[in-house]
2 protein chains.
Amino acid sequence: MRLKHAKRRTARAAPGPGRNASIQDVAASANVSIATVSRVLNTPDLVAADTAERVRRAIDQLNFRPNRFAQGLMTRRSRILGVGVPDLHGEFYSALLRGADDEARRRGYHLLVTSGVGGKSSDGHMGAMLGLVDGVALMITEPNEKLLEVTRRSDLPIVLLDAEVNGAVRDTILVDHEAGAAEAAQHLLKTVEPSRCFFVGGPRENFDTARRAKAFADAVRMHIAARTPPRAGDTTVLGPDQIVYGDYSVNWGGIWARDCIACGRLEGAGVLAGNDEIAYGIMHAALDAGLSVPGDVKIIGFDDTRLCSLVRPTLSTVRVPLQDIGAAAVSALIRRVETPDAEPQRIRLKTTLINRESGG
Amino acid sequence: MRLKHAKRRTARAAPGPGRNASIQDVAASANVSIATVSRVLNTPDLVAADTAERVRRAIDQLNFRPNRFAQGLMTRRSRILGVGVPDLHGEFYSALLRGADDEARRRGYHLLVTSGVGGKSSDGHMGAMLGLVDGVALMITEPNEKLLEVTRRSDLPIVLLDAEVNGAVRDTILVDHEAGAAEAAQHLLKTVEPSRCFFVGGPRENFDTARRAKAFADAVRMHIAARTPPRAGDTTVLGPDQIVYGDYSVNWGGIWARDCIACGRLEGAGVLAGNDEIAYGIMHAALDAGLSVPGDVKIIGFDDTRLCSLVRPTLSTVRVPLQDIGAAAVSALIRRVETPDAEPQRIRLKTTLINRESGG
DNA sequence: AACCTGATCGGAAGCGCTTTCATGACTGGC
DNA sequence: GCCAGTCATGAAAGCGCTTCCGATCAGGTT
């Protein structure tokens with residue numbers, strides 16, 4: 001037997017398995033209206049204690065969870081935050097993500113992660129993401145007009161990680177690469193001649209490398225200018241080979257070091273690397289060539305990834321608080337989402353020189 | 001002048017800035033009904049070519065993007081996949097996530113990442129996640145009844161990473177740890193006496209460590225049983241100290257190695273470590289003690305993280321295709337989401353012994 | 001001429017929720 | 001005993017979309 005054209009207007013099947021309980025079911029079960037159920041959830045103060053209790057029991061019993069889509073449709077909030085990073089490879093982003101995720105969960109938000117930000121095919125994907133999230137934390141490491149344009153025109157809350165966007169006043173999490181690079185330079189300059197100090201960076205266009213390079217150069221120049229008495233031949237112009245660029249890889253560090261060794265210039269040098277991997281590459285090439293670290297050459301890395309304490313000799317490095325960056329980004333983003341009119345914030349996180357073995 | 005109590009029933013403000021264009025706006029602009037607009041988006045075949053074209057123009061012009069919440073409310077799909085891992089720390093999960101993200105974006109899905117799966121406070125967070133995603137890829141490394149119970153009772157599509165759940169027939173991505181461990185053992189046994197072969201694992205409860213340990217022991221026993229002629233004193237019982245457990249850290253590897261050295265038992269040994277970090281710890285302690293690797297002691301790691309090719313001597317290891325695991329998980333999950341009635345799948349991924357320096 | 005068929009489209013229901021507005025029951029002050 | 005002022009609650013209007021159903025029309029079939 002089968003009902004033919006059964007009237008289905010308002011009748012609804014019992015919330016058995018296969019269908020989650022809806023607010024309707026709860027309301028029916030607690031003998032109140034759906035409005036009251038909603039109030040119990042969102043504004044409990046507006047409902048009488050005993051009613052609320054009854055509703056809560058029904059909720060538990062039916063295992064009711066508000067449908068997030070319906071909620072989102074009304075409130076225009078999803079409690080999801082987008083996180084866009086250029087890449088998911090390696091220690092670096094994994095630490096960042098970890099900080100972000102911890103903070104997000106603490107605040108009852110979820111993280112929608114997407115990598116390849118700035119890549120070619122990322123536009124559509126980003127677009128789709130914008131419709132789902134309450135805000136976006138974006139990490140951009142190289143200039144990318146298209147992406148910045150999107151962020152500028154979007155009215156979605158955005159915080160920028162470690163990148164300044166000229167023209168737009170936005171929440172921004174900054175890392176004080178300058179102080180870190182300067183501190184590292186000063187440390188090297190204690191025992192190394194300014195002319196023997198090198199900065200071996202990542203890609204020239206990379207924001208971080210650029211800032212670290214500039215601060216390094218400034219520190220070296222300042223050191224020269226300040227020392228008394230001046231020495232013969234002192235010049236505040238750095239040699240063109242003292243600041244070089246490549247990429248963020250062990251390989252590039254090795255290449256540079258071997259070149260340098262070939263010219264006999266690595267011995268007695270002090271090197272600040274653009275990141276830990278480069279530093280490791282340099283150190284390794286030096287050791288392979290029979291140089292001692294830090295005896296013959298002093299090396300300082302950047303970021304303080306796990307690598308630093310694993311390798312021997314251990315790597316001195318400039319610690320960048322990656323987890324804190326992630327956490328701060330999420331925190332700032334939530335603040336903007338929840339209080340859209342708040343003043344834009346610029347949070348600046350400190351770096352720390354970590355003296356281990358390689359830096360002397 | 002201001003309109004007082006203007007009638008607002010059906011009138012709606014123009015879709016200026018501050019409000020995104022809705023399907024209504026598109027319909028009005030293209031002079032069709034919203035049903036037609038929807039069809040253009042979802043079932044273009046049902047719309048006349050010229051009408052569709054007109055609608056598409058309106059969509060472009062108004063920069064219309066369907067509201068994902070409204071869509072989700074109707075379709076019960078979000079095109080978001082949940083990924084739950086125990087931890088976000090380190091190379092391991094970062095590689096996995098990368099594979100997952102690549103595959104997801106290729107298929108037009110997004111990833112909602114959550115760590116701390118299996119942790120104490122993760123329940124509520126997981127619960128909230130379940131309402132948002134089309135399915136979940138779960139990585140569990142240790143027994144966790146509560147979590148498994150949740151997965152069992154949920155009708156949400158789930159794929160399990162590298163964990164078997166007895167009783168439930170589920171899509172599962174498995175890694176052939178057994179083959180990898182056996183291959184590594186056999187490699188060591190070529191030059192090392194069975195009684196001098198060790199497995200230094202991570203936590204005893206950890207699924208992976210348990211499986212690797214068992215396969216290692218089996219391989220050693222089988223080697224003893226198979227060799228002809230049998231030697232005096234051959235026994236297929238491994239010494240209790242040949243399979244040991246600790247945690248997945250460099251530190252633990254170092255501790256074990258130093259203990260072993262103290263008893264004079266490391267020289268001439270062959271060691272399979274539970275992961276690369278342990279292997280590195282062992283290798284380092286050995287080198288520090290003046291032993292040569294692989295001359296005096298042969299060491300093989302597990303996972304093939306970046307560390308292996310960075311350190312010197314380079315680490316032989318059993319490669320686990322982390323990125324492939326992530327990609328396979330997402331792929332299987334999408335399959336289940338889109339064809340819920342498909343047969344449950346068990347995908348088994350191969351490991352590969354990577355011979356570098358430390359393994360001899 | 002009456003009928004059927006398929007292609008195309010609009011009307012309208014309804015997904016599950018939040019929120020406004022109206023209602024009714026009490027309360028205290030006169 | 002009556003009116004203003006709470007307080008607790010319900011009815012109902014949508015949020016923006018998908019999809020079922022039916023209307024219309026052109027063109028072919030009997």
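So that the names make sense, note that chain A is the first sequence line, chain B the second, and so on, each numbered from 1. All values below were derived from every heavy atom in this structure, side-chain atoms included, with hydrogens, water molecules and symmetry-related copies excluded.
A 4.5 Å side-chain heavy-atom check between A:N67 and B:L73 finds at least one atom pair inside the cut-off. Put simply, the side chain of B:I173 does not reach to within 4.5 Å of the side chain of B:D162, judged on heavy atoms. Residues A:V83 and A:V136 fail the side-chain proximity criterion, which asks for heavy atoms closer than 4.5 Å. Between A:M129 and A:L112 there is a side-chain heavy-atom pair separated by less than 4.5 Å. Residues B:F64 and B:D25 fail the side-chain proximity criterion, which asks for heavy atoms closer than 4.5 Å.
Direction change of the helix axis from one end of the helix from C:dA1-D:dT30 to C:dC30-D:dG1 to the other is 60°, with five pairs defining each end axis (rounded to 10°).
Residue A:A52 is the one, among A:R76 and A:A52, whose nearest nucleotide of DNA chain D lies closer to the 5' end (criterion: closest heavy atom). Along DNA chain C, the nucleotide nearest to B:L73 and the one nearest to B:D45 differ in position, and the one closer to the 5' end is contacted by B:D45.
Rounded to whole Å, the distance from CG on B:L62 to C1' on D:dG16 is 15 Å. Between the CG atom of A:L46 and the C1' atom of C:dC21 there is a distance of 14 Å, given to the nearest Å. Taking atom CZ of A:R77 as the reference point, atom P of C:dG16 lies 24 Å away to the nearest angstrom. Remark: P of C:dG16 and CG of A:N20 are 9 Å apart, rounded to the nearest angstrom.
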Determine all donor-acceptor pairs shorter than 3.5 Å in which one atom belongs to a side chain in residues 45-61 of chain A; sequence neighbours excluded.
| residue | atom | partner | partner atom | Å |
| --- | --- | --- | --- | --- |
| A:R54 | NH1 | A:A30 | O | 2.6 |

For this session: Let me have a per-nucleotide readout for nucleotides 17-23 of chain D, 5' to 3', with B, S or -, counting only protein heavy atoms under 4.0 Å.
Result: BBBB---
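Of the listed nucleotides (C:dG16, C:dC9, C:dG10), C:dG10 has the atom at the smallest distance from the side chain of B:V32.
Between B:H125 and A:H110, the ring planes are parallel. Angles under 30° get that label, and only those over 60° would be called perpendicular.
One side chain, B:D134 or B:S78, offers a donor N or O that lies under 3.5 Å from an acceptor on the other.
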